[in-house]
Amino acid sequence: MPNIFIYDEFNPEDNAMLQALYSRSAKSVAEHVDKVRASGSGKFMSTFYVGYGHASIADCGSTTMFIEGISILGDKAIQDWPLYSGQETSTRYIDMGRQPIIDPIGSAASKQILDAWMDFYNDSQEPMREHLMAKYPRQADEDEGVYAKAIKARGFDSLRGFLPAGITTQLSWHSNLRQAWDHLALLRHHPLEEVRQTAEAILSGLKEKYPNSFSHQPTQEQEAYREDFTRRFSYFPPVGRSCPKKMETTIKPEELAKYQDLIDRRPAKTGLPIFLGDLGTCTFEFPLDFGSFRDLQRHRSGLCRMPLLTTSLGFNRWYLEQLPESLKAQAEVLIAKQTEMIDALEASPEIKQYYTAIGFDVACRFSFPLPAAAYVIELRSGRTVHPSLRQIAHWMHESLTQALPNLRLYSDLSPDDWDVRRGLADIIKK
């Protein structure tokens, strides 16, 4: 039997160095731990660092950053990274009505736009609750507290589309030290000033806490190259006023057929073998409201292009269909007026995003290897998923199974309906 040691109490840099020493020493980690304790936290890595490749060491130490008071746009920029891990404030469960909003233009017109969105969001809460309670009355076997939470959550589902993307949120980012630097090196050149400033603030904090892992001195050529492609390609190019759904795959049915037994014998809630990703990719293009795009973007198993949030594809109809008729009429007038005012702002398309509600559709493009595509489709087809995203998951299921008829997916294709279980999706004190 091998010897097993678990050490979680050390500084991330020291922990990384403990792992790195395996490549240069045959001694037990227990001996190295004694050296860490003798030298003191934070000093061990600097003692052994010279003459060793930095990047591979930094892969072995991790840290967690907590970022508050950032806009939804800034939040998405941080999460726009294949190895991002973390959590963020959910607009489906949290009342965002009193959150500060970032207004980079700072004019009377820009404030008027933001105030109009938030006035509708706040003023519609109670009428929406009454409408939902009349539409979905509590059943005798349903807990009153759970039912009340479910009603509240469904109201947020319906009204979140009217939140401007400049509204502030909070998120965590758990990363190894190498990935933190690699991503921040790009975010420092992001088109949005808010993101650039946030990246510099995070980097400053990391340099102070982990000086041995963040002492990089990029060359002018590296900085120029990063700035060029980050400023030009941080956002998926706008597509005009239409974005037809399209699915393409490089997977050949005859190649997939070689693994038919693995497909047929896979139990529910079990991933396909990762090596099936070698068969090719599945690429999906479709319109989806930015609010629900955020939920899909959190899947890190594929390539996701960050769309530019504009009004050109229109406001997703699902949000309007949930409103009582009186609110629906107000919303349609509001959306038309707000669209005109946003268009009239003297600002770049990137800055106009702050004033655009997250219920507007954006052009989405996702590329997945097969195991990842199956996982995302099955997970996002469930009844507790936001309905506008669930509709896309159902389309993805249909498109992929048409292209690969022998592929078996455990998607939930039942119709959308009220589900009181939303009231159970909470974190509460025992």
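What you are looking at is a predicted structure, and each value in this text was computed from that prediction instead of being measured.
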CA sep, side-chain torsions, deciding dist, call: Glu194, Ser71, side-chain contact (heavy atoms from CB on, under 4.5 Å): CA-CA 8 Å; Glu194 176 201 8; Ser71 74; 2.7 Å; yes

Can [X] and [Y] be counted as an ion pair, charged N to O under 4.0 angstrom?
| X | Y | answer |
| --- | --- | --- |
| Lys328 | Glu321 | no |
| Arg390 | Asp412 | yes |
| Glu130 | Lys135 | no |
| Arg294 | Glu88 | yes |
| Arg266 | Glu378 | yes |

Any residue meeting salt bridge (Lys or Arg N to Asp or Glu O under 4.0 Å) with Asp80, in chain and number order, not counting sequence neighbours: none

Salt bridge (Lys or Arg N to Asp or Glu O under 4.0 Å) partners of Arg188, counting only residues at least two apart: Glu200, Glu223

Please determine, by modelled atom types, if [X] and [Y] share a side-chain donor-acceptor pair under 3.5 angstrom.
| X | Y | result |
| --- | --- | --- |
| Tyr355 | Asp103 | yes |
| Tyr84 | Gln79 | yes |
| Thr169 | Gln99 | no |

Can you list the residues that meet the side-chain contact (heavy atoms from CB on, under 4.5 Å) rule with [X], with sequence neighbours excluded?
| X | value |
| --- | --- |
| Pro273 | Leu262, Phe275, Leu276 |
| Ala108 | none |
| Thr230 | Leu186, His189, Ser234 |
| His299 | Leu296, Tyr375, Val376, Leu379, Arg380 |

Heavy-atom pair with the smallest gap, counting every atom of Ala374 and Leu409: CB-CD2, 3.6 Å

Contact summary for Leu187 and Ala199, nearest pair of heavy atoms: CB-CB, 3.6 Å

Centroid separation Tyr319 to His386 less than 6.0 Å: yes

So, the side chain of [X] versus the backbone of [Y]: is there a donor-acceptor pair under 3.5 Å, distance only?
| X | Y | value |
| --- | --- | --- |
| Glu398 | His394 | no |
| Gln353 | Leu309 | yes |
| Thr198 | Arg196 | no |
| Asn122 | Met118 | yes |
| Ser411 | Leu413 | no |
| Ser158 | Arg154 | yes |
| Arg300 | Gln297 | yes |

Does [X] reach the side chain of [Y], with side-chain heavy atoms less than 4.5 Å apart?
| X | Y | result |
| --- | --- | --- |
| Leu192 | Gln197 | no |
| Thr311 | Lys352 | no |
| Ile70 | Thr168 | no |
| Arg383 | Ser414 | yes |
| Tyr210 | Leu177 | yes |
| Val195 | Leu73 | no |
| Gln330 | Leu323 | no |
| Lys152 | Arg129 | no |

Parallel, tilted or perpendicular: ring planes of Trp81 versus His183, cut at 30 and 60 degrees: parallel

Phe368 and Phe366 aromatic ring geometry - parallel, tilted or perpendicular at 30°/60° bounds: parallel

Residue pairs passing the ring-ring contact (aromatic ring centres under 6.0 Å, His included) test where at least one lies in residues 106-125, sequence neighbours excluded: Phe120-Phe162

All pairs passing ring-ring contact (aromatic ring centres under 6.0 Å, His included) where residues 220-251 contributes a residue, at least two apart: His190-Tyr235, Tyr225-Phe229

Side chain to side chain donor-acceptor pair (under 3.5 Å) involving Ser399 - partner list, sequence neighbours excluded: Trp395

Those residues that, when tested against Gln391, pass side chain to side chain donor-acceptor pair (under 3.5 Å) (two or more places apart): none

Say you draw a straight line from [atom1] of [X] to [atom2] of [Y]; how long is it, rounded to the nearest 0.5 Å?
| X | Y | atom1 | atom2 | result |
| --- | --- | --- | --- | --- |
| Cys60 | Arg178 | SG | CZ | 10.0 Å |
| Ser292 | Ile358 | OG | CD1 | 8.5 Å |
| Asp289 | Leu389 | CG | CG | 8.5 Å |
| Asp123 | Asp119 | CG | CG | 5.5 Å |

side-chain contact (heavy atoms from CB on, under 4.5 Å) assessment of Cys282 paired with Ile251: CA-CA 8 Å; Cys282 314; Ile251 301 170; 3.8 Å; yes

Step-by-step side-chain contact (heavy atoms from CB on, under 4.5 Å) determination, Arg160 to Arg92: CA-CA 7 Å; Arg160 76 162 183 189; Arg92 300 187 67 198; 3.4 Å; yes

Counting neighbours of [atom1] on [X] that are heavy atoms of other residues, nucleotides or ligands and sit closer than 6.0 Å, is the number greater than 12?
| X | atom1 | result |
| --- | --- | --- |
| Leu83 | CG | yes |
| Glu126 | CD | yes |
| Glu332 | CD | yes |

Evaluation steps, salt bridge (charged side-chain N to carboxylate O under 4.0 Å, His left out), between Asp295 and Arg298: CA-CA 6 Å; Asp295 298 331; Arg298 285 195 288 268; 2.7 Å; yes

Which pairs would a plain distance check flag for residues 333-346, meaning a side-chain donor or acceptor within less than 3.5 Å of a matching protein atom at least two apart in sequence or in another chain?
residue	atom	partner	partner atom	Å
Gln338	NE2	Ile113	O	2.8
Thr339	OG1	Ile335	O	2.7

CA sep, side-chain torsions, deciding dist, call: Gln125, Phe156, side-chain contact (heavy atoms from CB on, under 4.5 Å): CA-CA 8 Å; Gln125 297 281 356; Phe156 291 149; 3.6 Å; yes

All pairs passing side-chain hydrogen bond (donor to acceptor under 3.5 Å, both in side chains) where residues 357-367 contributes a residue, at least two apart: Thr283-Ser367, Glu285-Arg365, Asn316-Asp361

